[in-house]
Trainee: 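I'd like to ask some things about the structure below.
The chains referred to below are lettered A, B, ... by the order of the sequence lines, with proteins before strands, and numbering in each begins at 1.
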Amino acid sequence: MTQNDSPTAESLLLIDGHSMAYRAYHALPPEKFSTSTGQTTNAVFGFVSMLLTALEAERPTHVLVAFDRGRPAFRLEEHPGYKAGRAKTPPDFHGQVELIETLLEAMRIPVVALEGVEADDVLATYARLGEEAGIEVRIASGDKDSFQLVREGVSVLYPKRGMSDLTRMTPEAVSEKYGVTPAQYRGQAALVGEKADNLPGVPGVGEKTAAKWLNKYGDLEALLAHSEEIGGKAGENLRAHREAVERNYRVNRLLDDVEVPFTVEAARMQGPDADALSALFDQLEFAVLGRRAEALFGVSGNAGAASAQEAPVPARPDAAELVPLLEGIDAEAWVAVATDATYVLGLGAVDRIALAWGERTAVVALSALEPAGATALEEFLAGHTRLVMHDAKPQLKALRVSGLPRAHADWDTELAAYLLEPDRRGYALEEIAQARLGLAAQQEDEDADGLHTRAWTVLQLRPVLAEALEGAHLTGIMTGIEMPVQEVLARMESRGIAVDAARLAELGEEFGAQAEASAQEAYAAIGHEVNLGSPKQLQAVLFDELEMPKTKKTKTGYTTDADALADLFVKTGHPFLQHLLAHRDRIKLRQTVVGLEKTVSDSGRIHTTYLQTAAATGRLSSKDPNLQNIPVRTEAGRRIREVFVPGADSESLMTADYSQIEMRIMAHLSGDPSLIMAFRAGEDLHAYVGGQVFGVATEDVTPEMRSKVKAMSYGLVYGLSAYGLSKQLGIGVDEARGLMDEYFSRFGAVRDYLGAVVEEARERGYTETMDGRRRYLPALTSAQRQVREMAERAALNAPIQGSAADIMKRAMIAVESALEAGGLRSRMLLQVHDEIIVEVAPGEAGQVEEILRREMAGAAELDVPLDVNVGTGASWHAAAH
DNA sequence: CTTAAAGCTA
DNA sequence: ACGTAGCTTTAAGT
């Protein structure tokens, strides 16, 4: 690691934010710097790149950035045309400046922006203050006026061509480049003029002539006093333009006595808000800059010197050596465990286990353990109460089928990283370590050396993450929700759910045959074959061949989605459309069935994997296969649910789901009296709301009114617009707006709540669930409307969806433990966001239902009841109610 | 190998 | 431009 030569010396880095951002904006092509959401980031990128370069090179102890606000009053008075010649500020520049300010806030670098004062003057003032405090001053500015500030102890970092190439302008460098001293530079600039600021100088006088004169007379005042002595055309021009020169000289003077809002000491570097910063870099899609920032800030943040240490050489104990080794580990010590676990289709295996604790590591080969060693290891992984892993769930599942049935985890660095940054795309150990410890990227392969390094890294990471959790008040969620629910999920995944494989195969055949029949009819309707699965080929048929009216545009053409096809059928009545829709429907069902068939284990069960770190709101997701999107809305789709059945020793499946949990949370969080009353009265919510909105009695609400209101209620939770509602209901925008207005006038507290949630999130930078789970949404301050509004809808939804997720997780933990404590053999198998599916052992249905109702309803204390519906049957479908 | 379009869930 | 959060499949681009 490179150290600054004089680590004790203090230095102050002053940055002219506006000039740097403006230069970056023009230096970098916008088309090469934009995010997937369309936000242009060239100025942001260039600025941050410059900033990191300056921080890396200068290692300042103090940093401050100044921005322009409004017009520079005294310069405009002097010269109304000041800067008038400049091209108008481009529209997407301002928004990028806001992004830069947000980034600086996350870096905890103070920003000074004073009304009517130019950034240069602020910097000149801080340069003087820094100098008076005996601190070295560096000024990063793209404005040459700053050269007049250069002196002993004050230098300017001026960007060359690229943004991260900064030239250091010392007194010597200024003299060499311009032939004048920094003190004379102002005079030279006044003589030469500045096109960019619309300040013309003396015609025919450039740097060289100006330097010659200034060196002869000392300074501008002396030069002007002797202007009569200067001969030739240049002398004539000087006398003719004397007033312009004097004006330039007054205008380009930087004020070093501006009233500034805080002292130099307030600019002392304190390290960034790492989570907010990381979320911003993610949003901006600055992967490389993000890593540079992590490397720059990471170590100084919270990791101690130990974090950079290399992993100790591992012990490789045989069975006999393992027993004393494990006995020698302090019961209070955190022990990191890393394995080479593999897990596929309900079958897992582990060959090697690495441990790290204190200053030691060890690697154990399971195959080489005689009974004594295996027993000791099993005891240790069961009994030690401070075990930490990274992504423990798959490893625990594999360990438990590899002779270590009681292996467990007390802490998980991946879950901690998720709670701190739930919007992150991935949580690979290497990435998290780099972000939190400033460790260099390591190679991925897990040879014998890699595994102990993984354990070592996890051990170093845990206290750093624990401190960050504490700081964000997330420790309670970590230990009270995520860790216990991880254990529950591991068990559910290992159990799997039984399927009737024969029925599954039959269904696949049936749907396949129907799909094929529809395809043939579709071909017949247009007289030729076409790949019905290709939107591109369909577009050719529909819009070119059949010349149907164009549908809504997509990135690559016109949509052929089901809504659009149904619409086209209404317009054209062409039979091709009907057969195409039927084919789509059946092929999708067949896909689902075939996909499920492939995942059935030898024991006839399907083992999904729940992802605990995939959804930014706190929800779970399910993959391989996804059992959270099994069809339910159509009759044919529900037949797939008939295939999920109780296993051999069970009598039924039981499902329990929360009734309208998100609307209940909305009622609770908003405190809306009408909504709360409706839930307390046990009313049919949508009928009740419909009555209010349409001004009729609840009993007189028609099914049509009810369905409109239902769509609106749910849409609201997601930030639905009047336009969206009108499209969904097939009504006019005005009618939709009228409905919404009426809704909000009846449930005013809901509107107030939704508005307040977004504003609070904008101020704090994150949303919170009832339990304090956070979601950072830096895009809330985006200048780009589309980006900002997307973040606003996410901010509306995250506390509600996330609170529901927290409640469900608490319920699952309670149900699992109640089933166990009751000595029951019934087992929880699946979770589908607001629903739990349990496999019921013979004779236990009554007790299981009681547990489900009690634990689910009791998982949160709301101002409205948490109703739970329960059903039982010989299949998932039959258990639905 | 990645992206887009489509469609399924809460 | 226009409702949140996910996963999987296929076609078609690189």
Side-chain angles (χ1 to χ4, degrees), chain A residues 36-38 422-423 530-539 551-565 580-581 584-596 598-599 608-611 613-634 636-638 640-641 657-663 711-729 733 736-737 740 754 767 775 777 784-802 804-805 808 830-835:
Chain A
S36 50
T37 55
D423 271 282
V530 59
N531 184 345
L532 299 176
S534 163
K536 202 181 166 192
Q537 293 183 37
L538 286 178
Q539 284 170 40
T551 56
K552 206 177 129 187
K553 273 200 169 166
T554 66
K555 282 184 186 172
T556 55
Y558 299 94
T559 183
T560 67
D561 68 18
D563 276 353
L565 295 182
L580 173 57
L581 281 166
R584 281 253 182 91
D585 184 47
R586 294 296 142 154
I587 206 81
K588 173 77 178 174
L589 291 170
R590 196 193 67 100
Q591 273 169 19
T592 304
V593 169
V594 170
L596 288 174
K598 288 184 200 155
T599 64
T608 185
T609 300
Y610 288 103
L611 300 184
T613 61
T617 53
R619 271 193 180 184
L620 301 175
S621 72
S622 157
K623 71 161 190 174
D624 297 333
N626 182 355
L627 293 186
Q628 292 180 321
N629 72 342
I630 302 302
V632 70
R633 288 177 195 182
T634 64
R638 286 192 288 273
I640 300 179
R641 293 193 171 214
D657 65 42
Y658 283 115
S659 165
Q660 295 156 339
I661 187 168
E662 293 195 344
M663 284 307 294
M712 185 160 52
S713 289
Y714 277 101
L716 271 180
V717 184
Y718 307 138
L720 183 65
S721 67
Y723 174 88
L725 182 65
S726 76
K727 234 188 129 207
Q728 194 184 308
L729 296 177
V733 177
R737 188 170 295 117
M740 287 181 74
L754 293 173
T767 62
R775 178 173 186 190
L777 290 167
Q784 228 187 309
R785 198 167 93 172
Q786 196 186 338
V787 173
R788 185 179 64 245
E789 288 182 342
M790 202 182 293
E792 286 171 352
R793 293 191 295 269
L796 289 179
N797 179 251
I800 296 175
Q801 189 183 109
M808 179 51 113
L830 303 179
Q831 185 254 44
V832 191
H833 307 305
D834 65 357
E835 176 185 16

Trainee: Yes or no on side-chain contact (heavy atoms from CB on, under 4.5 Å) for T560(A) and T551(A), after CA distance, side-chain angles and deciding distance?
Mentor: CA-CA 8 Å; T560(A) 67; T551(A) 56; 6.0 Å; no
Trainee: How far apart are the C-alpha atoms of M740(A) and R737(A), what are their side-chain angles, what is the distance that settles it, and do they pass the side-chain contact (heavy atoms from CB on, under 4.5 Å) test?
Mentor: CA-CA 5 Å; M740(A) 287 181 74; R737(A) 188 170 295 117; 5.6 Å; no
Trainee: When we call it a touch if two heavy atoms are under 4.0 Å apart, what does G533(A) touch: a base, just sugar-phosphate, or nothing?
Mentor: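 It contacts sugar-phosphate atoms only.
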Trainee: Are N626(A) and dG6(C) close enough that a side-chain N or O sits under 4.0 Å from OP1 or OP2?
Mentor: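 So the side-chain polar atoms of N626(A) never come under 4.0 Å of the phosphate oxygens OP1 or OP2 of dG6(C).
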Trainee: Base, sugar-phosphate alone, or nothing: which one does R793(A) contact when heavy atoms must sit under 4.0 Å apart?
Mentor: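 The residue R793(A) makes sugar-phosphate contact but no base contact.
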Trainee: Which part of the nucleic acid does R788(A) contact within heavy-atom distance under 4.0 Å: base, sugar-phosphate only, or nothing?
Mentor: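 Result for R788(A) = nothing.
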Trainee: Phosphate oxygens OP1/OP2 of dA5(C): is one of them under 4.0 Å from a side-chain N or O of R775(A)?
Mentor: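 For dA5(C), OP1 or OP2 has a side-chain N or O of R775(A) closer than 4.0 Å.
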Trainee: Heavy atoms under 4.0 Å, any strand shown: does T560(A) hit a base, just sugar-phosphate, or nothing?
Mentor: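 Answer is sugar-phosphate: T560(A) comes under 4.0 Å of backbone atoms only.
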Trainee: Is there a donor and acceptor pair closer than 3.5 Å between the side chain of Q801(A) and the base of dT4(C)?
Mentor: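 In this structure, the two groups form a donor-acceptor pair.
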Trainee: What is the distance from atom OG1 of T608(A) to atom CD1 of I630(A), rounded to the nearest 0.5 Å?
Mentor: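 T608(A) atom OG1 to I630(A) atom CD1 measures 9.0 Å (nearest 0.5 Å).
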Trainee: Answer yes or no: is there a side-chain heavy-atom contact under 4.5 Å between L627(A) and L596(A)?
Mentor: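 They are in side-chain contact.
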Trainee: By the 4.0 Å heavy-atom rule, please label D624(A) as base, sugar-phosphate, or nothing.
Mentor: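 Sugar-phosphate, no base atom in range.
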Trainee: Under 4.0 angstrom, heavy atoms only, what part of the nucleic acid is K588(A) near: base, sugar-phosphate, or nothing?
Mentor: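 Here K588(A) touches the bases of the nucleic acid.
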Trainee: Between dG6(C), dT4(C), dA12(C), which one does the side chain of S621(A) approach most closely?
Mentor: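 Nearest nucleotide to the side chain: dG6(C).
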Trainee: For D563(A) and dG3(C), what is the distance between atoms CG and P respectively, to the nearest whole Å?
Mentor: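 Rounded to the whole Å, the gap is 13 Å.
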Trainee: Considering only dT4(C), dT9(C), dA11(C), which nucleotide approaches the side chain of Q591(A) most closely?
Mentor: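 Minimum distance to the Q591(A) side chain belongs to dT9(C).
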Trainee: Starting from C1' on dC7(C), measure out to CZ on R619(A) and report it in whole angstrom.
Mentor: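 Value for this atom pair: 13 Å.
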Trainee: Using atom P of each nucleotide, how far apart are dA1(C) and dA4(B) to the nearest Å?
Mentor: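 These two P atoms come out 16 Å apart once rounded.
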Trainee: How many angstroms lie between atom CZ of R619(A) and atom CG of D834(A), to the nearest 0.5 angstrom?
Mentor: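 The CZ atom of R619(A) sits 8.0 Å away from the CG atom of D834(A).
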Trainee: I630(A) near the nucleic acid: base, sugar-phosphate alone, or nothing, with a heavy-atom cut-off under 4.0 Å?
Mentor: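 Sugar-phosphate, no base atom in range.
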Trainee: Measure from CG on L596(A) to C1' on dT9(C) and round the result to the nearest Å.
Mentor: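 The answer, rounded to whole Å, is 13 Å.
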Trainee: What is the nucleic acid contact for A804(A), judged by heavy atoms within less than 4.0 Å: base, sugar-phosphate only, or nothing?
Mentor: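 Touches nothing.
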Trainee: How do L611(A) and K536(A) order along DNA chain C: which one's closest nucleotide is nearer the 5' end?
Mentor: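 On the 5' side of the pair lies L611(A).
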Trainee: Tell me: CD of Q831(A) to C1' of dC7(C), nearest whole Å?
Mentor: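 These atoms are roughly 15 Å apart.
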Trainee: Using a 4.0 Å heavy-atom cut-off, does R584(A) contact any base of the nucleic acid, only the sugar-phosphate backbone, or nothing at all?
Mentor: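 Answer is sugar-phosphate: R584(A) comes under 4.0 Å of backbone atoms only.
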Trainee: Can you measure N531(A) atom CG to dG13(C) atom C1' for me and round it to whole angstrom units?
Mentor: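 It works out to 15 Å between those atoms.
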Trainee: Roughly how far, to the nearest 0.5 Å, is the OH atom of Y658(A) from the NE2 atom of H833(A)?
Mentor: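 Going from the NE2 atom of H833(A) to the OH atom of Y658(A) covers 14.5 Å.
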Trainee: Can you check the L796(A) CG to dC2(C) P distance for me, whole Å?
Mentor: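 In whole Å, dC2(C) P and L796(A) CG are 16 Å from each other.
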Trainee: Have a look at A562(A) and say if it touches a base, only the backbone sugar-phosphate, or nothing, with a 4.0 Å heavy-atom cut-off.
Mentor: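 Sugar-phosphate, no base atom in range.
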Trainee: Would you kindly give the CG-to-P distance between L589(A) and dT10(C), to the nearest whole Å?
Mentor: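 One finds 14 Å between P of dT10(C) and CG of L589(A), rounded.
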Trainee: Would you say Q628(A)'s side chain and Q831(A)'s backbone share a donor-acceptor pair under 3.5 angstrom?
Mentor: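 Yes: the side chain of Q628(A) pairs with the backbone of Q831(A).
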Trainee: Mind checking which nucleotides bracket the chain A contacts on DNA chain B, 5' to 3', with an atom under 4.0 Å from a heavy atom?
Mentor: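 Endpoints of the contacted stretch of DNA chain B: dA4(B) to dA10(B).
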Trainee: Under a 3.5 Å distance rule, please check whether Q537(A) uses its side chain to pair with a backbone N or O of N531(A) as donor and acceptor.
Mentor: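 Judged by distance alone, yes, a pair lies under 3.5 Å.
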Trainee: Check each of N797(A), T767(A), T617(A), D423(A) against R775(A) using the side-chain hydrogen bond (donor to acceptor under 3.5 Å, both in side chains) test, and report the only one that passes.
Mentor: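 Going through the options one by one, the only one that passes is D423(A).
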Trainee: Under 4.0 Å, heavy atoms only, any strand: does V717(A) hit a base, just the sugar-phosphate, or nothing?
Mentor: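 Answer is nothing: V717(A) stays at 4.0 Å or more from every strand.
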Trainee: Counting heavy atoms from C-beta on, name the nucleotide in dA11(C), dG6(C), dC7(C) closest to the side chain of K623(A).
Mentor: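 Nearest to the side chain of K623(A) among the choices is dC7(C).
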Trainee: For P422(A) and P535(A), take the nucleotide of DNA chain C holding the closest heavy atom to each; which residue's nucleotide lies nearer the 5' end?
Mentor: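 Its nearest nucleotide being more 5', the pick is P422(A).
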Trainee: Would you classify Q537(A) as touching base, sugar-phosphate or nothing, given that sugar-phosphate means primed atoms plus P, OP1 and OP2, and contacts are heavy atoms under 4.0 Å?
Mentor: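 Touches sugar-phosphate only.
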Trainee: OP1 or OP2 of dA5(C) sitting under 4.0 Å from any side-chain N/O of T617(A)?
Mentor: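 T617(A) to dA5(C) OP1/OP2: no side-chain N or O under 4.0 Å.
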Trainee: Can you tell me how far C1' of dC7(C) sits from CG of N629(A), to the nearest Å?
Mentor: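 To the nearest whole Å, that distance equals 6 Å.
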